Protein chains: 4
Amino acid sequence: MSLRFDITPGSPQPIYEQIEGQIRRWIATGTLKEGDQLPSVRALAEQLTVNPNTVARAYSELTAEGLVASHAGRGVFIAARRQIYSEEERLRRLSCAMKRFFDETAFLDIPLAEILRRLEEAGTDYFTHSPKP
Amino acid sequence: MSLRFDITPGSPQPIYEQIEGQIRRWIATGTLKEGDQLPSVRALAEQLTVNPNTVARAYSELTAEGLVASHAGRGVFIAARRQIYSEEERLRRLSCAMKRFFDETAFLDIPLAEILRRLEEAGTDYFTHSPKP
Amino acid sequence: MSLRFDITPGSPQPIYEQIEGQIRRWIATGTLKEGDQLPSVRALAEQLTVNPNTVARAYSELTAEGLVASHAGRGVFIAARRQIYSEEERLRRLSCAMKRFFDETAFLDIPLAEILRRLEEAGTDYFTHSPKP
Amino acid sequence: MSLRFDITPGSPQPIYEQIEGQIRRWIATGTLKEGDQLPSVRALAEQLTVNPNTVARAYSELTAEGLVASHAGRGVFIAARRQIYSEEERLRRLSCAMKRFFDETAFLDIPLAEILRRLEEAGTDYFTHSPKP
DNA sequence: GTGGTCTAGACCACA
DNA sequence: GTGGTCTAGACCACG
């Protein structure tokens, strides 16, 4: 069964990040479990009609984060769940992301309460309506 | 009195965006008010030890957004508050910012509820405890 | 086929604005349609014998206005039509343009009625007889 | 009696152009007639609290266009009405101004008919409601 | 002195 | 190959 990626070439978000994001989400939502095999770089590149380097980069970053592990000659697999970042590092990253988010939205004249309401909605959506595999 | 910019060269976020973000925040929080003068392009470039063009770009984008106005030979000033974007555009920008935020935080294994709680706290803080200039 | 830009270096209107204006016109008149690719920054810079940064600035401002979208590594493309400015902002811009127009023409001793007649003619022409690309 | 100039320092339009524009309008509408004396450079600079160079530049450009004439040691006076530009040159300037006007407004999604209606209104206003001297 | 335009060229990210 | 960021420095317009 092949995973159903939804790639928008030429979105502001680079393709390799779109690939990464979908795999991360499938892992987060349980669609992909430890030990599951991902399509090969070449196969996925052909399926998405993108450059193999693009897929390779996505896999490489997921590997660096410990979400997947590649076994030379056999393929790329979902790794056992572990968190490479310390509690402190995670909170630091969350804090940076929040700061940036407010910097990007503070001048839109949208009340904080509405922003929070929409965030909750979008967040719930993000973690449940994961795109179908 | 000079503004206290906090610039991280070599961060994934370009320098001109960091400058923009901080000025936006100071405007949003009332630290900078209509009519206040910003440091000159050259002076700020020297203070931050970046190229004047980098500062000029930040000022130029803020000018295009109507947040500041530049007066040849006199300087750059905080403009009267107005909203140049349509409702639709503002929601589109909010939506992009939210998507980006979740992409940056979803893999941190922090429960959505906690993220939202921290966001509310940070948001409230953002608009009251403006960072010291 | 390459677009036929008409650039006057050393005009009071900066080169990047001249480039922007012509692309805006081609979009407004339908000569350029959603999805059409613009010449690469380097190619257009060479064609017009201007610095690539000058072309990049024009493209960057059109991107900020949502008229075109750039895709790293692939090129710059005409975006789907959308209006990012609020009604108020659009009228403000129209008003500025009208003021500027009268300041440029009032001293020509051409009767207002004739100016208006020619404007109507030129406007109709503008939106139908788009300049050949 | 002193003329009532309306100057907005730090508008996108430079101060010397604002001064020029108002004098041009007063001449066009008959508020200022041949032989009328303009305030001295120093007096007007003081009245508007701008740099004397700024006033001098406005007067200098009006002199170049033949609208006023300066008599050393006596002052600056409204000149006899004459048109220094040829018919051809005037139409060329009108044509440029129209092209620029449409380039600045075509993307605002305002129907041509409405633009023309507003132009007629603004034009009538421009030539009759001249700012009071 | 101020900001704005333009050039030249380096380096990086993306595909 | 594409566009994006940044530096360095020249030149002009404005006051």
Side-chain angles (χ1 to χ4, degrees), chain A residues 7 9-19 45 48-58 61, chain B residues 7 9-19 37-45 48-60 63 68-77, chain C residues 7 9-19 37-45 48-60 62-63 68-77, chain D residues 7 9-19 45 48-58:
Chain A
I7 298 300
S11 106
Q13 193 182 27
I15 294 174
Y16 77 91
E17 277 188 15
Q18 297 181 45
I19 296 173
L48 304 179
T49 58
V50 301
N51 191 300
N53 287 335
T54 306
V55 177
R57 168 150 191 188
E61 301 206 341
Chain B
I7 296 300
S11 123
Q13 193 183 25
I15 295 175
Y16 75 89
E17 275 187 18
Q18 297 181 46
I19 297 173
Q37 184 167 11
L38 289 175
S40 81
V41 169
R42 288 171 183 75
L44 185 52
L48 304 179
T49 57
V50 300
N51 188 286
N53 284 336
T54 305
V55 177
R57 170 155 190 187
Y59 282 10
S60 153
T63 303
V68 309
S70 79
H71 306 313
R74 301 195 24 250
V76 176
F77 301 82
Chain C
I7 297 301
S11 124
Q13 193 183 26
I15 295 174
Y16 75 88
E17 275 189 16
Q18 297 180 44
I19 296 173
Q37 183 166 12
L38 289 175
S40 81
V41 169
R42 288 171 184 75
L44 185 52
L48 305 178
T49 57
V50 300
N51 188 287
N53 284 336
T54 305
V55 177
R57 170 156 190 186
Y59 282 10
S60 153
L62 291 169
T63 302
V68 309
S70 80
H71 306 312
R74 299 193 28 246
V76 176
F77 301 81
Chain D
I7 298 300
S11 106
Q13 193 182 26
I15 294 174
Y16 77 90
E17 277 188 16
Q18 298 181 45
I19 297 173
L48 305 179
T49 58
V50 300
N51 190 299
N53 287 335
T54 306
V55 177
R57 169 152 190 188

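In this text, all values refer to a predicted model and were calculated from it rather than measured experimentally. Order of the sequence lines sets the chain letters (A, B, ...), proteins ahead of strands, with each chain counted from 1.
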Mark yes or no for a side-chain to base donor-acceptor pair under 3.5 Å between A:Asn53 and E:dA15, with no hydrogen or angle criteria applied.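 Between E:dA15 and A:Asn53, which were checked side chain against base, a qualifying N/O pair under 3.5 Å is absent.
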
Polar side-chain contact B:Arg42-E:dG3 base: donor and acceptor under 3.5 Å: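 For B:Arg42, whose side chain was compared with the base of E:dG3, there is a donor-acceptor pair (under 3.5 Å).
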
Distance check, rounded to the nearest 0.5 Å: [X] atom [atom1] versus [Y] atom [atom2]?
X: B:Asn51; Y: B:Arg57; atom1: CG; atom2: CZ; value: 12.5 Å
X: C:Tyr59; Y: C:Ile19; atom1: OH; atom2: CD1; value: 7.5 Å
X: B:Leu44; Y: B:Thr49; atom1: CG; atom2: OG1; value: 10.0 Å

Taking [atom1] from [X] and [atom2] from [N], how many angstroms apart are they, rounded to a whole number?
X: B:Asn51; N: F:dG4; atom1: CG; atom2: P; result: 19 Å
X: B:Tyr16; N: F:dT5; atom1: OH; atom2: C1'; result: 8 Å
X: B:Leu44; N: E:dG1; atom1: CG; atom2: P; result: 17 Å
X: C:Gln13; N: E:dG4; atom1: CD; atom2: C1'; result: 14 Å
X: B:Leu48; N: F:dT7; atom1: CG; atom2: P; result: 10 Å
X: B:Arg57; N: F:dA8; atom1: CZ; atom2: P; result: 17 Å
X: B:Ile19; N: F:dT7; atom1: CD1; atom2: C1'; result: 14 Å

Given F:dG15, F:dC6, F:dA8, which nucleotide is nearest the side-chain atoms of D:Ile15? F:dG15

A:Thr54, nearest nucleotide to its side chain (from E:dA15, E:dT7, E:dC6):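 For A:Thr54, the side-chain atoms sit closest to E:dA15.
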
Stems involving DNA chain E: give each as a range paired with a range, ordered by first number, where a stem means at least three consecutive Watson-Crick or G-U wobble pairs under 3.5 Å. E:1-14 with F:1-14

5'-most contact on DNA chain F: C:Ala43 or B:Arg74, nearest heavy atom basis? C:Ala43

Taking only the side-chain nitrogens and oxygens of B:Ser70, find out if one of them lies under 4.0 Å from OP1 or OP2 of E:dG4.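 Answer is yes, contact under 4.0 Å.
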
With a 4.0 Å cut-off on heavy atoms, is A:Val50 in touch with a base, just the backbone sugar-phosphate, or nothing at all?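 Nothing, no heavy atom under 4.0 Å.
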
Select from A:Glu17 and B:Gln37 the residue whose nearest nucleotide in DNA chain E is closer to the 5' end of that strand. B:Gln37

Start at the 5' end of DNA chain E and walk down; is the nucleotide closest to A:Pro14 or to C:Pro14 reached first?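 Result: C:Pro14.
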
Sub-3.5 Å donor-acceptor pair from the side chain of B:Gln37 to the main-chain atoms of B:Arg74, do we have one?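 Between the backbone of B:Arg74 and the side chain of B:Gln37 there is a qualifying donor-acceptor contact (under 3.5 Å).
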
For the student: nearest non-hydrogen atoms of C:Gln13 and C:Gln18, plus distance: O-NE2, 2.8 Å

Side-chain contact, heavy-atom cut-off 4.5 Å: C:Ile15 with C:Pro9? yes

So do the side chains of B:Leu48 and B:Thr54 get within less than 4.5 Å of each other, counting heavy atoms only?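 A side-chain contact under 4.5 Å is absent here.
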
